[in-house]
Amino acid sequence: MSEEKKSLNFIEQIIEDDLANGLSNDKLRFRFPPEPNGYLHIGHAASICLNFGLGLKYNAPVNLRFDDTNPAKEEQEYVDAIQQDVQWLGFQWDKVLYSSDYFQQLFDWAVELIKEGKAYVDDQTSEEMAKQKGTPTEVGTNSPFRDRSVEENLDLFMRMKNGEFDEGTHVLRAKIDMEHVNMHMRDPIMYRVLKKHHHRTGNDWCIYPMYDWTHGESDYLEQISHSICTLEFKSHRDLYDWYVDQVYDTSLLRPKQREFARRNLSYTVMSKRKLLQLVEEGVVNGWDDPRMPTISGLRRRGYTPSAIRTFSDTAGISKRDNVTDVALLEHCIKDDLNKTAPRVMAVLDPVKVVITNYPEDKEEFLDANYNDYAEGFGSRPVPFSREIYIEKEDFREQANKKFFRLKLDKEVRLKNAYIIKANSCVKDENGEVTEIHCTYDEDSLSGSGSEASKRKVKGTLHWVSVKHAEKAEVRVYDRLFTDEAPDGHKDKDFKEFINPDSLNVINAFVEPSLKDAKELDRFQFQRLGYFCVDKDTTESNLVFNRTVPLRDSWAKMEK
RNA sequence: UGACCUAUGGUGUAAUGGUAGCACUCCGGUUUUUGGUAUCGUCAGUCAAGGUUCGAGUCCUUGUAGGUCAACCA
């Protein structure tokens with residue numbers, strides 16, 4: 001066995017360097033810090049796989065920490081969904097924690113900062129403060145309240161905490177440097193008044209800490225060694241370090257923030273705000289609509305955790321902007337399902353075939369493997385009778401040699417059954433073929449071992465017996481957007497690129513063995529693609545989602 | 001007219017001063033009772049210009065292009 005040397009990504013490189021410089025392996029600790037204000041998507045999966053993957057690689061704990069400092073947007077529903085998604089992806093956290101666990105500690109530290117003259121209460125409006133903030137190219141100016149006495153600041157901050165002030169009237173600010181080249185260092189807000197009910201702390205607080213003040217301190221409290229986030233937080237790093245330095249005890253580990261590029265996928269959008277918009281405006285049917293790039297949407301669509309993990313690993317991480325081809329994601333799920341999904345037969349666009357030399361009331365149950373090319377899948381009986389359905393596109397009255405499906409006077413193999421020959425067809429007033437009359441070769445049954453069964457016939461078709469067929473609703477999905485980067489246009493709104501045909505609902509016929517299939521059972525519909533049972537399935541209505549179609553070289557040739 | 005980050009085939013990523021590799025996509029061959037799978041192969045890349053070096057995708061300089069930063073969001 002040759003040991004394949006796998007190169008390290010740049011985050012692993014940083015960790016290896018830290019280890020080489022004396023950080024002991026047992027100090028390694030990571031966290032995944034979602035804000036519970038929306039559902040997780042495939043971009044988050046990159047972060048989840050990265051952080052939990054590092055935990056696995058270095059045998060280090062990984063916390064799931066909800067960054068819940070803004071009660072105006074956050075809800076328990078999201079907390080629950082996020083936990084479910086992380087677990088479904090196959091990862092095990094060390095602890096579930098909440099930034100809100102640290103509200104008291106954060107408050108106490110804030111009081112210390114005030115006492116040290118490093119924080120002050122500002123009474124201005126946000127507009128006034130924005131004006132003083134300057135711009136990236138112009139320095140800011142000091143607030144008139146910047147030099148209040150410690151006593152006054154302490155008194156005001158207590159009154160903020162006690163609910164004496166209305167929202168928007170007072171904030172606590174760190175006193176850093178209004179002329180700093182990094183705007184985040186220009187006296188950032190630490191606390192604002194928010195008289196909102198919090199999903200965990202209820203009405204205990206009416207002041208809430210801001211992200212920057214909370215995040216680094218939370219990392220420090222949990223002794224996170226490497227706090228990994230996305231690139232847009234790069235310029236927050238100065239502040240992160242400044243805040244940590246205010247409370248840092250040198251006997252403890254000092255966490256460090258490092259940033260990587262968020263993962264984008266072609267033909268979709270990845271911002272929570274935009275996804276929420278699609279949900280709220282009814283473009284899709286909820287966060288778990290199978291067209292959504294959310295984890296729950298992909299799950300419902302039929303994706304497996306393993307495929308998503310493989311995708312994340314294969315796509316890798318770096319620090320440059322990217323748009324990963326959705327074909328890579330599709331490749332990962334096809335590759336997984338090809339190895340795991342049983343093969344069954346379903347006809348999505350049926351036309352009736354009558355086998356004229358097959359007895360009227362005869363029926364047979366043919367043994368059909370769930371997978372002809374792999375062990376362990378077993379088989380099931382598939383009913384055959386005089387009338388069957390095949391796909392409309394699998395028949396042509398006449399066609400050239402390249403079309404090796406059913407055509408008049410030519411033969412094809414019916415998968416798991418007999419070789420048939422088309423003799424004639426019936427058409428309606430529009431010239432549409434409504435029925436095809438065939439004869440079958442009685443000795444040609446698949447697997448019978450007879451001479452006739454071994455005959456080489458170019459085409460093989462899938463089919464379903466008419467009188468045994470189960471009706472099923474099949475939801476055929478296409479990409480949600482027609483543009484590769486729908487939100488990459490400065491002059492156009494992403495919604496202008498919504499694909500009007502992203503959902504096609506079909507009344508199909510499936511083989512009877514599928515009658516008892518359960519939610520999330522995954523199958524390959526022979527020659528068509530991979531499908532899974534949707535949660536909308538009821539006793540009387542079987543519903544399948546098309547996860548992804550099979551590669552179709554014939555369709556490409558036809559173009 | 002600032003600071004910071006990033007530039008490698010169509011896409012995503014390796015190469016840690018020493019043969020530019022892998023995966024996906026595309027295209028073609030072989031196999032095939034799925035026009036699937038498998039397998040073999042083709043096309044295709046270091047942003048530019050200087051410099052350092054025996055040797056530069058990698059280091060330096062200067063450009064160019066893209067991105068980020070001015071929420072009481074995270």
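Residue numbers begin at 1 in each chain, while the letters A, B, ... track the order of the sequences. Just so it is clear, the model here is predicted, and its values are computed rather than measured. Every heavy atom of this structure was used, including side-chain atoms; hydrogens, water molecules and symmetry mates were not.
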ask   = Would A:Glu74 and A:His198 count as having a side-chain donor-acceptor pair, cut-off 3.5 Å?
value = no
Atom-pair distance (CG on A:Asp238; C1' on B:C5), nearest Å = 13 Å
task = Could you tell me which residues satisfy ring-ring contact (aromatic ring centres under 6.0 Å, His included) with A:Tyr98, sequence neighbours excluded, listed by chain and number?
result = A:Phe66
task = Would you indicate which nucleotide in B:U33, B:U25, B:C72 comes nearest to any side-chain atom of A:Lys456?
result = B:U33
inquiry  = I need the A:Glu75 CD to A:His199 NE2 distance, nearest 0.5 Å.
reply    = 9.5 Å
key: Euclidean distance, atom CG of residue A:Leu276 to atom P of B:A74 [Å, nearest integer]   = 17 Å
key: Listed once per pair and sorted, the side chain to side chain donor-acceptor pair (under 3.5 Å) pairs that draw on residues 314-323 of chain A, sequence neighbours left out   = A:Arg263-A:Asn322
message = Can you list every stem that RNA chain B is part of, counting only runs of 3 or more consecutive Watson-Crick or G-U wobble pairs with both distances under 3.5 Å?
response = B:2-7 with B:64-69, B:10-13 with B:21-24, B:27-30 with B:38-41, B:47-51 with B:59-63
key: Among B:A74, B:A70, B:U33, the one nearest A:Ser446 by side-chain distance   = B:U33
key: Distance-only polar pair, side chains of A:His489 and A:Asp483, donor-acceptor under 3.5 Å   = yes
inquiry  = What's the closest nucleotide to the side chain of A:Ala327 if the choices are B:C69, B:C24, B:C73?
reply    = B:C24
key: Separation of the C1' atoms in B:U19 and B:U32, to the nearest angstrom   = 38 Å
task = Report the distance from atom NZ of A:Lys415 to atom P of B:U32, rounded to the nearest whole Å.
result = 14 Å
request  = Answer with yes or no whether the side chains of A:His215 and A:Arg31 bring together a donor and an acceptor at under 3.5 Å.
outcome  = yes
Residue A:Phe403, side-chain heavy atoms: nucleotide from B:C73, B:C72, B:G35 that is nearest = B:G35
message = Between A:Thr268 (side chain only) and A:Pro293 (backbone N and O only), is there a donor and an acceptor less than 3.5 Å apart?
response = no
request  = Would you indicate what A:Met557 reaches in the nucleic acid, counting non-hydrogen atoms under 4.0 angstrom: base, sugar-phosphate, or nothing?
outcome  = base
ask   = Taking for each residue the nucleotide of RNA chain B with the nearest heavy atom, is it A:Thr137 or A:Phe525 whose nucleotide lies nearer the 5' end?
value = A:Thr137
query = Between atom CD1 in A:Ile333 and atom P in B:A23, what is the gap in whole Å?
reply = 20 Å
message = Work out how far the P atom of B:G50 is from that of B:U11, and round it to whole angstrom.
response = 26 Å
request  = Taking only the side-chain heavy atoms of A:Asp552 (C-beta and beyond), determine which of B:U37, B:C73, B:G35 contains the nearest atom.
outcome  = B:G35
message = Using a 5.5 Å cut-off between ring centres and planes within 30 degrees, is A:Tyr211 stacked on the base of B:A74?
response = no
ask   = What is the nucleic acid contact for A:Asn70, judged by heavy atoms within less than 4.0 Å: base, sugar-phosphate only, or nothing?
value = sugar-phosphate
query = Mind checking the C1' distance from B:U8 to B:G29? Whole angstroms is fine.
reply = 30 Å
ask   = Think A:Lys556 has a side-chain N or O under 4.0 angstrom from the OP1 or OP2 of B:C26?
value = yes
ask   = Does the B:A74 base have a donor-acceptor partner in the side chain of A:His236 within less than 3.5 Å?
value = yes
ask   = Contact class for A:Gln524 (heavy atom, under 4.0 Å): base, sugar-phosphate, or nothing?
value = base
key: Distance between C1' atoms of B:A44 and B:C26 (Å, rounded)   = 10 Å
ask   = Of all the choices, B:C69, B:C24, B:G36, which nucleotide is nearest to the side chain of A:Leu550 once you look at every atom?
value = B:G36
query = How would you label the contact of A:Lys401 with the nucleic acid (heavy atoms, under 4.0 Å): base, sugar-phosphate, or nothing?
reply = nothing
request  = Determine the contact category for A:Tyr191: base if any of its heavy atoms lies under 4.0 Å from a base atom, sugar-phosphate if only primed atoms, P, OP1 or OP2 are that close, otherwise nothing.
outcome  = nothing
message = In whole Å, measure the gap between the P atoms of B:U62 and B:A3 for me.
response = 12 Å
message = Side chain of A:Asp67 only, heavy atoms from C-beta on: which candidate in B:C4, B:A74, B:C72 is closest?
response = B:A74
key: Sugar-phosphate, base or nothing in reach of A:Gln526, heavy atoms under 4.0 Å   = base
message = If only side-chain N and O atoms count, and only distance matters, is there a donor-acceptor pair under 3.5 Å linking A:Ser143 with A:Asp122?
response = yes
query = Quantified in whole Å, what is the C1' atom distance between nucleotide B:U1 and nucleotide B:U52?
reply = 32 Å
ask   = OP1, OP2 of B:C69 versus side-chain N and O of A:His184: anything below 4.0 Å?
value = no
ask   = Separation of A:His170 atom NE2 from B:C72 atom P, in whole Å?
value = 16 Å
ask   = Have A:Asp67 and A:Ser99 got a donor and an acceptor in their side chains that come within less than 3.5 Å?
value = yes
task = Specify the separation, in whole Å, of atom NZ of A:Lys234 and atom C1' of B:C69.
result = 11 Å
query = Does any donor atom in the side chain of A:His184 or A:Asp238 lie under 3.5 Å from an acceptor atom in the other side chain?
reply = no
key: Letter per nucleotide, 5' to 3', of nucleotides 7-17 of chain B [B base touched, S only sugar-phosphate touched, - untouched; heavy atoms, 4.0 Å]   = -B--SSBS-B-
task = Choose from B:C24, B:G36, B:C73 the nucleotide whose nearest atom is closest to any side-chain atom of A:Arg343.
result = B:G36
query = Just to confirm, is there a sub-4.0 Å distance from OP1 or OP2 of B:C5 to any side-chain nitrogen or oxygen of A:Arg258?
reply = no
query = Looking for any heavy atom pair under 4.0 Å, which part of the strands does A:Gln124 touch: base, sugar-phosphate only, or nothing?
reply = base
message = Using the salt bridge (Lys or Arg N to Asp or Glu O under 4.0 Å) criterion, which residues pair with A:Arg258? Sequence neighbours excluded.
response = none
task = Look at all strands and tell whether A:Thr69 reaches a base, only sugar-phosphate, or nothing, counting heavy atoms closer than 4.0 Å.
result = sugar-phosphate
inquiry  = When the P atoms of B:C4 and B:C60 are compared, how many Å lie between them, rounded to an integer?
reply    = 14 Å
request  = With P as the reference atom in both, quote the distance from B:U46 to B:U61 in angstrom, rounded to an integer.
outcome  = 23 Å
query = Can you tell me how far P of B:C72 sits from CH2 of A:Trp213, to the nearest Å?
reply = 18 Å
query = Quick one: is the NZ or CZ of A:Lys161 closer than 6.0 Å to the six-membered ring centre of A:Trp205, and within 45° of its axis?
reply = yes
task = Quick one: label A:Gly529 by what it contacts on the DNA or RNA (base, sugar-phosphate, nothing), any heavy atom closer than 4.0 Å.
result = nothing
query = Is a donor-acceptor contact shorter than 3.5 angstrom present between the side chain of A:Arg551 and the base of B:G35?
reply = no
key: Euclidean distance, atom CG of residue A:Leu265 to atom C1' of B:C24 [Å, nearest integer]   = 13 Å
request  = Map A:His215 and A:Trp554 onto RNA chain B by nearest heavy atom, then report which one ends up closer to the 5' terminus.
outcome  = A:Trp554
request  = Scan A:Phe404 against the nucleic acid and name what it touches under 4.0 Å (heavy atoms): base, sugar-phosphate only, or nothing.
outcome  = base
inquiry  = Measuring to OP1 and OP2 of B:C4, would you say a side-chain N or O of A:Arg237 lies under 4.0 angstrom away?
reply    = no
task = List for me each residue that meets salt bridge (Lys or Arg N to Asp or Glu O under 4.0 Å) alongside A:Arg527, sequence neighbours excluded, and say none if there are none.
result = A:Asp394
inquiry  = For the NZ atom on A:Lys410, are there more than 12 heavy atoms of other groups (residues, nucleotides or ligands in this structure) within a distance under 6.0 Å?
reply    = no
